[in-house]
There are 2 protein chains.
Amino acid sequence: MKKEQETTKGIKEIARLAKVSIGTVDRVINNRTGVSVKTKEKVLQIIAELDYQPNIMARMLASKKVIRIAALIPAVSNETGYWNAPLKGINEAASEIRNFGVSADFYFFDQNNKKTFRDQCAVILDNGYDGILLAPMFEEEAMDFLDNCAKRDLPFVLINSDLEHQPRVAYIGPDLFQSGYLAGHLTKYLVKEAQQVLIVNISREITFQHHLLKKEEGFRACLAAHDLSIEVGKVDINETSYDAVQQRLLELFDLNKPDLVFVTNSRVSSVARFLQENAIEGVQLIGYDFLEENIAYLKNGTIDFLICQKPQEQGYRGLMSLYQHLISAPTVEQLQYMPIDIITKENYLYYRN
Amino acid sequence: MKKEQETTKGIKEIARLAKVSIGTVDRVINNRTGVSVKTKEKVLQIIAELDYQPNIMARMLASKKVIRIAALIPAVSNETGYWNAPLKGINEAASEIRNFGVSADFYFFDQNNKKTFRDQCAVILDNGYDGILLAPMFEEEAMDFLDNCAKRDLPFVLINSDLEHQPRVAYIGPDLFQSGYLAGHLTKYLVKEAQQVLIVNISREITFQHHLLKKEEGFRACLAAHDLSIEVGKVDINETSYDAVQQRLLELFDLNKPDLVFVTNSRVSSVARFLQENAIEGVQLIGYDFLEENIAYLKNGTIDFLICQKPQEQGYRGLMSLYQHLISAPTVEQLQYMPIDIITKENYLYYRN
DNA sequence: AATAAGAACGTGTACGTTAACGAAAATCAG
DNA sequence: CTGATTTTCGTTAACGTACACGTTCTTATT
């Protein structure tokens with residue numbers, strides 16, 4: 001439609017109009033020192049008038065430095081393969097933008113060991129990155145780290161779980177409350193009135209509770225909102241080994257067998273194994289994440305529903321958002337909630353993380 | 001890990017090693033004329049040895065020409081808003097790569113009018129684009145068009161439905177057979193033995209049959225594979241207006257009321273309306289696409305399942321794949337099947353196209 | 001053998017930006 | 001008011017590639 005700007009707008013066009021040199025224009029654009037307030041204002045005005053957008057390609061070419069991004073996520077443990085998916089997503093994004101002067105380094109920490117997290121944080125801060133992609137599993141430690149980042153003007157993107165009051169560039173991941181709410185929704189679908197429901201949190205570090213609690217909240221909120229007379233119990237299991245889970249559940253089930261169990265994370269396979277090995281029937285099971293071990297139980301009917309939130313896409317979008325921000329693209333959506341997918345026996349074959 | 005190549009590999013490093021000028025290297029890289037076989041081979045060898053990757057940013061900068069892409073998709077009609085989603089996806093991708101010297105123009109055709117399709121094709125061919133993004137709804141016409149593209153070395157990407165024997169850069173969209181197969185899967189879940197199932201194809205142009213038939217095939221294949229004694233009927237409705245649909249269905253239902261209806265495209269809302277207005281109960285309904293009109297019926301229980309395949313992502317990835325190809329990025333996945341999502345009353349709130 | 005024609009190759013400038021280097025102007029100390 | 005700083009600004013060489021133009025070299029024609 002429009003045919004204006006034949007005079008190839010750019011830094012030198014700005015210079016011409018402002019009657020200064022391109023050097024000066026460059027200084028105000030990258031707000032470096034050494035330009036008087038008066039001329040700075042003048043240049044800024046011209047820039048605004050022209051709606052000037054810097055040519056990113058020329059920029060990358062000239063400043064031969066590459067953008068360095070550090071990704072800090074949990075290591076793929078033998079306990080759960082969950083983090084394979086985000087890892088893959090980040091890698092995919094990284095290879096797509098490698099040509100554009102971006103390099104991404106991975107740092108892994110042990111989900112059961114805060115110290116590894118802290119150590120990696122220190123290393124990252126020492127290594128002079130331009131941006132951070134982070135899964136803030138340990139809330140307190142993450143806050144510390146992010147404070148440090150903020151002090152150094154280091155932009156960061158959060159994935160998988162959010163820290164709402166941090167000045168993050170973006171959060172990409174589940175809306176935990178809604179996710180639990182949906183589980184509640186499904187529960188209403190599966191249980192009748194006056195039946196019993198058990199919420200199970202399995203996690204070593206109490207800090208996880210932040211993550212799990214939000215889901216629990218949503219779950220309870222949904223059930224409460226429709227005031228069915230459903231009894232809701234709850235158990236926290238601080239040991240992730242199967243034996244520990246089994247023992248704890250045996251005690252509980254002896255006292256009182258629930259009609260439905262809601263496991264607030266991907267450890268649902270432990271509960272499934274428990275149900276299967278002890279030949280407990282008539283207990284419905286809802287849990288999280290598209291993992292091999294979970295799918296097996298979904299297939300044989302022990303698990304009824306898995307809730308999944310595109311872990312791979314979280315990684316992909318996480319890195320991409322950070323990149324977009326770093327090249328000062330106009331805007332990055334600050335809150336990118338992933339869809340809440342329901343996986344069942346019927347459609348798991350067609351799901352893609 | 002590696003610390004080699006401090007000598008900034010690039011066109012001039014190649015020139016140095018091959019003892020020629022950068023001009024010559026440039027000629028062989030862009031295989032222009034004017035270089036002897038002997039030196040060409042020598043240069044190519046050096047290029048291979050260095051594993052030289054051209055600097056895309058420098059390339060775009062130097063050749064100030066922008067990559068021009070034409071997208072040809074159906075217009076958003078008042079009959080169905082489906083194509084809003086791919087359109088949005090394409091736009092999203094376009095704005096992400098606008099900074100990198102890419103411009104995308106849209107061309108729309110009327111789904112009920114082959115001529116509009118042909119006309120737009122002609123216009124596109126005349127306008128000298130560098131790549132085409134196409135929804136090949138009209139099989140025959142699309143083939144013609146794509147033959148012409150191939151003749152001009154115009155790369156193209158197909159979305160939404162595939163033409164398998166065309167030399168497309170990529171296809172991004174549903175695996176239609178699998179999609180129908182899943183519908184069959186769900187059907188088995190919903191109907192009992194000896195019940196009746198009706199397949200409904202609603203579409204004006206017979207050429208669509210290509211698209212719809214594949215789904216039907218998959219559907220039948222699934223039912224056949226598990227030899228339940230389910231009776232499968234079928235009806236083709238060539239008129240998309242509600243009145244036409246109603247009339248045809250009335251006739252059919254008078255003779256024989258099916259227990260489940262499978263509509264092979266997004267027109268499922270017409271059938272839902274029919275069922276509702278005529279107060280027909282006990283008929284399950286499966287159809288396609290996350291559209292407002294469909295969701296309404298999903299919500300009130302008239303439609304049981306909607307199958308959806310990320311139309312927006314199809315657009316996004318379609319444009320991105322084409323772009324990646326045009327800047328001669330290493331590889332583009334040639335077949336990108338979208339996941340087959342199942343939307344129900346329980347999770348539609350959380351679905352994202 | 002002289003010349004034209006064309007193939008093969010080199011040179012130089014441009015793309016829009018960054019950043020280092022100085023020159024000019026303004027400010028300050030005495 | 002002079003000299004020394006400091007602030008402000010202009011100039012210029014890159015970055016890696018594309019492309020127009022010029023030059024040299026080869027071959028064919030007369």
Side-chain angles (χ1 to χ4, degrees), chain A residues 5-44 46-47 50-67 98-102 130 326-329, chain B residues 5-44 46-47 50-67 98-102 130 326-329:
Chain A
Q5 88 259 29
E6 59 270 349
T7 53
T8 63
K9 58 173 72 171
I11 201 173
K12 74 174 64 155
E13 172 74 359
I14 298 173
R16 197 177 59 82
L17 292 175
K19 295 188 213 306
V20 295
S21 75
I22 62 167
T24 302
V25 175
D26 177 63
R27 275 181 279 266
V28 4
I29 286 179
N30 299 56
N31 54 275
R32 279 188 266 271
T33 62
V35 39
S36 69
V37 252
K38 210 175 106 194
T39 55
K40 180 168 184 173
E41 269 174 10
K42 189 178 195 173
V43 171
L44 281 176
I46 306 274
I47 286 179
L50 288 188
D51 187 30
Y52 163 75
Q53 300 289 114
N55 182 317
I56 296 171
M57 294 175 292
R59 170 170 292 176
M60 298 298 313
L61 228 211
S63 80
K64 52 225 123 201
K65 68 157 173 268
V66 299
I67 295 176
R98 185 156 304 145
N99 282 320
F100 300 112
V102 181
D130 302 303
L326 282 168
I327 64 175
S328 76
Chain B
Q5 90 260 26
E6 60 270 348
T7 53
T8 63
K9 58 173 74 169
I11 201 172
K12 75 174 65 151
E13 171 73 357
I14 298 173
R16 198 177 58 82
L17 292 175
K19 297 188 211 305
V20 295
S21 76
I22 63 167
T24 301
V25 175
D26 177 62
R27 273 181 280 265
V28 5
I29 286 179
N30 300 54
N31 52 276
R32 279 187 266 271
T33 62
V35 40
S36 70
V37 249
K38 210 175 106 194
T39 55
K40 178 168 187 176
E41 270 174 10
K42 189 177 194 173
V43 170
L44 281 177
I46 306 275
I47 286 179
L50 289 188
D51 186 31
Y52 164 76
Q53 299 290 113
N55 182 317
I56 296 172
M57 293 175 293
R59 171 171 291 177
M60 298 297 312
L61 229 212
S63 79
K64 53 226 127 202
K65 68 158 174 269
V66 299
I67 295 176
R98 184 157 306 145
N99 281 322
F100 300 113
V102 181
D130 302 303
L326 283 168
I327 63 174
S328 76

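Given the structure is predicted, the values throughout are model-derived calculations rather than measurements. No hydrogens, no waters, no symmetry mates; every other heavy atom, side chains included, goes into these values. Chain letters run A, B, ... following the sequence lines, proteins first, then strands; residues in each count from 1.
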**Student:** Below the 4.0 Å mark, does dC9(D) have OP1 or OP2 next to a side-chain nitrogen or oxygen of S21(A)?
**Tutor:**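 Negative; the distance criterion is not met.
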**Student:** For dC9(C), take OP1 and OP2 only and decide whether either is under 4.0 Å from a side-chain N or O of T39(B).
**Tutor:**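 Answer yes for this pair, as a side-chain N or O of T39(B) is under 4.0 Å from OP1 or OP2.
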**Student:** Any idea which heavy atoms bring K65(B) and M60(B) closest together, and the distance?
**Tutor:**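 The pair with the smallest heavy-atom distance is O-CE, 4.2 Å.
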**Student:** Kindly point out which of dT17(D), dC21(C), dT18(C) is positioned nearest to the side chain of S63(A)?
**Tutor:**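 The closest nucleotide is dT18(C).
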**Student:** With sugar-phosphate meaning primed atoms plus P, OP1 and OP2, does N55(A) contact a base, only sugar-phosphate, or nothing at under 4.0 Å between heavy atoms?
**Tutor:**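 Sugar-phosphate: the residue N55(A), judged by heavy atoms under 4.0 Å, touches backbone atoms but no base.
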**Student:** Taking the side chain as every heavy atom from C-beta outward, state whether I29(A) and Y52(A) have any atom pair closer than 4.5 Å.
**Tutor:**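 Yes, their side chains come closer than 4.5 Å.
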**Student:** Once you round it to whole Å, what is the distance between C1' of dC9(D) and NZ of K40(A)?
**Tutor:**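 Rounding to the nearest Å, NZ of K40(A) and C1' of dC9(D) are 15 Å apart.
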**Student:** Could you list all the salt bridge (Lys or Arg N to Asp or Glu O under 4.0 Å) pairs where at least one residue sits in residues 24-38 of chain A, not counting sequence neighbours?
**Tutor:**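 Output for this query lists D26(A)-R32(A).
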**Student:** Which whole-number value in Å describes the distance from I14(B) CD1 to dT17(D) C1'?
**Tutor:**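 Spelled out: CD1 on I14(B) to C1' on dT17(D) is 11 Å.
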**Student:** The side chain of R27(B) lies closest to which of these nucleotides: dC9(C), dA20(C), dT18(C)?
**Tutor:**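 The answer is dC9(C).
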**Student:** Heavy atom of residues 28-38 of chain A under 4.0 Å from DNA chain C: which residues?
**Tutor:**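 When residues 28-38 of chain A is checked for heavy atoms under 4.0 Å from DNA chain C, the hits, listed by number, are N30(A), R32(A).
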**Student:** Is any side-chain heavy atom of N31(B) less than 4.5 Å from a side-chain heavy atom of K40(B)?
**Tutor:**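 N31(B) reaches K40(B) side chain to side chain.
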**Student:** Specify the closest pair of heavy atoms between I11(B) and I22(B), including all atoms of both residues, with the distance to one decimal.
**Tutor:**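 That closest heavy-atom pairing would be CD1-O, 4.0 Å.
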**Student:** Evaluate the side-chain proximity of V28(B) to V20(B): yes if any heavy-atom separation is below 4.5 Å, no if none is.
**Tutor:**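 Sidechains of V28(B) and V20(B): no contact.
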**Student:** So how far off straight is the helix from dA1(C)-dT30(D) to dG30(C)-dC1(D), going by the axes through five pairs at either end, to 10°?
**Tutor:**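 Taking five pairs per end, the axes differ by 50°.
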